[in-house]
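Here is the structure we will look at, set down as structure tokens.
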Amino acid sequence: ALGDGGSILYSDSELARSLRQLLKYGSERKYYNNDIGYNSRLEELQAAFLRIKLEYLETITSHKRKLASLYLENLKEDFIKPVINEDHFDVYHIFNIRHEKRDDLKAYLLNNQILSEIHYPVAPHHQQALRNIFKEKRTFPISEEIHNTTLSLPCSVCHTENEICHIVKVLNNF
């Protein structure tokens with residue numbers, strides 16, 4: 001192939017399944033990794049969109065940082081917010097909070113027509129892909145707490161400041 005990419009020819013369906021899984025982080029089901037895999041998916045159409053989007057990267061980043069600042073400045077202290085380090089420049093790929101009643105909060109948001117996502121719901125030491133690394137039974141209480149309380153809020157170039165202010169108001173009423 002030209003550039004990144006290629007093809008794999010096979011006649012064995014089990015081999016095909018394994019290869020497809022390896023190309024998607026080692027996962028057959030999103031967020032549940034059976035093996036250590038790769039992120040090897042970039043279609044030509046996606047590459048074309050990315051090429052155009054890169055021209056607006058500064059504007060997109062500035063907008064998302066503004067939305068994040070609305071969350072940071074206005075959410076009640078009931079929510080554990082991201083730690084801000086002045087030496088780092090966060091582009092807010094996601095805006096993640098933590099709350100001890102995360103599942104109830106997610107349902108509450110959905111009842112208010114607000115979508116949220118649990119990014120990375122499975123702690124690394126519970127991933128099937130790492131079963132050979134974590135052979136002995138060990139506990140990781142901080143990891144468990146993070147994975148049981150984490151919730152990503154809307155924060156994209158498609159959201160307006162008014163929408164985020166509305167989401168903050170709904171969250172603060174939880």
Side-chain angles (χ1 to χ4, degrees), residues 1-61 63-65 67-68 71 80-85 87-100 102-103 105-107 109-110 114-159:
L2 299 173
D4 292 339
S7 63
I8 300 171
L9 305 175
Y10 58 87
S11 58
D12 182 296
S13 60
E14 181 58 29
L15 176 61
R17 186 198 62 73
S18 294
L19 292 173
R20 273 191 224 100
Q21 181 175 303
L22 287 175
L23 297 176
K24 293 189 292 182
Y25 301 103
S27 173
E28 284 186 274
R29 182 174 154 215
K30 188 175 183 178
Y31 297 128
Y32 294 84
N33 305 13
N34 298 321
D35 295 297
I36 296 175
Y38 309 94
N39 178 9
S40 297
R41 302 164 293 158
L42 183 63
E43 299 167 356
E44 291 176 14
L45 187 57
Q46 293 298 327
F49 284 130
L50 182 58
R51 186 175 183 180
I52 294 167
K53 190 175 176 182
L54 284 173
E55 295 177 32
Y56 302 95
L57 184 60
E58 207 169 297
T59 302
I60 292 167
T61 300
H63 179 71
K64 290 181 76 174
R65 287 174 59 86
L67 300 182
Y71 282 129
I80 299 172
K81 297 176 259 185
V83 174
I84 305 303
N85 184 326
D87 295 336
H88 297 140
F89 186 85
D90 199 324
V91 297
Y92 295 98
H93 159 66
I94 58 175
F95 189 87
N96 192 271
I97 61 168
R98 292 179 41 223
H99 194 279
E100 63 182 19
R102 185 262 324 268
D103 295 338
L105 176 60
K106 183 171 177 43
L109 289 171
L110 188 56
I114 299 170
L115 298 177
S116 60
E117 176 71 37
I118 300 172
H119 279 96
Y120 318 114
V122 181
H125 63 285
H126 289 307
Q127 292 287 356
Q128 184 67 20
L130 301 178
R131 66 190 172 278
N132 292 327
I133 294 171
F134 296 106
K135 289 179 183 177
E136 61 189 58
K137 185 72 173 167
R138 296 175 63 190
T139 60
F140 298 89
I142 295 171
S143 179
E144 294 286 345
E145 181 183 338
I146 289 170
H147 287 276
N148 289 327
T149 59
T150 186
L151 186 67
S152 297
L153 301 177
C155 186
S156 79
V157 70
C158 300
H159 293 102

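Remember, predicted model here, so these are calculated numbers, not experimental data. Both backbone and side-chain heavy atoms feed into the values below; hydrogens, waters and symmetry mates do not. Position 1 is the first residue of the sequence; numbering continues from there.
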Test item: [X] side-chain N/O and [Y] main-chain N/O as donor-acceptor pair under 3.5 Å:
| X | Y | value |
| --- | --- | --- |
| Thr149 | Glu145 | yes |
| Asn33 | Ala129 | no |
| His159 | Ser156 | yes |
| Thr139 | Pro141 | no |
| Gln127 | Tyr31 | yes |
| Lys106 | Ser116 | yes |
| Arg65 | Tyr92 | no |

Would you indicate whether [X], at its atom [atom1], is surrounded by more than 12 heavy atoms from other residues, nucleotides or ligands within a distance under 6.0 Å?
| X | atom1 | answer |
| --- | --- | --- |
| Glu58 | CD | no |
| Ile133 | CD1 | yes |
| Phe140 | CZ | yes |

Where do Asn96 and Leu151 land on the side chain to side chain contact (heavy atoms under 4.5 Å, CB included) test, with the steps shown first? CA-CA 6 Å; Asn96 192 271; Leu151 186 67; 5.7 Å; no
Between [atom1] on residue [X] and [atom2] on residue [Y], distance to nearest 0.5 Å:
| X | Y | atom1 | atom2 | value |
| --- | --- | --- | --- | --- |
| Thr59 | Lys53 | OG1 | NZ | 12.5 Å |
| Glu100 | Leu105 | CD | CG | 11.0 Å |
| Ser13 | Arg20 | OG | CZ | 9.0 Å |

Is there a side-chain contact between [X] and [Y], using heavy atoms and a 4.5 Å cut-off?
| X | Y | result |
| --- | --- | --- |
| Ile80 | Ile97 | no |
| His147 | Tyr120 | yes |
| His126 | Glu144 | yes |
| Val91 | Leu57 | no |
| Glu28 | Asn34 | yes |
| Asn148 | Asp103 | no |
| Pro154 | Tyr71 | yes |

After noting the C-alpha distance and the side-chain angles of Leu153 and Leu109, does the key distance pass the side chain to side chain contact (heavy atoms under 4.5 Å, CB included) rule? CA-CA 10 Å; Leu153 301 177; Leu109 289 171; 4.0 Å; yes
Looking only at heavy atoms, which two atoms of Leu22 and Ile36 are closest? And how far apart?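 The answer is CD2-O, 3.5 Å.
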Between Ala68 and Cys155, which heavy-atom pair has the shortest distance, and what is it?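 Taking Ala68 first and Cys155 second, the nearest heavy atoms are N-SG, 4.3 Å.
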List the steps and the verdict of side chain to side chain contact (heavy atoms under 4.5 Å, CB included) for Thr150 and His119. CA-CA 7 Å; Thr150 186; His119 279 96; 5.8 Å; no
For salt bridge (charged side-chain N to carboxylate O under 4.0 Å, His left out), just list the numbers for Asp35 and Arg131, CA-CA rounded to whole Å, side-chain angles, deciding distance to a tenth of an Å, and then say yes or no. CA-CA 9 Å; Asp35 295 297; Arg131 66 190 172 278; 3.6 Å; yes
Under the side chain to side chain contact (heavy atoms under 4.5 Å, CB included) criterion, do Val157 and Tyr56 qualify, and how do the steps go? CA-CA 11 Å; Val157 70; Tyr56 302 95; over 6 Å; no
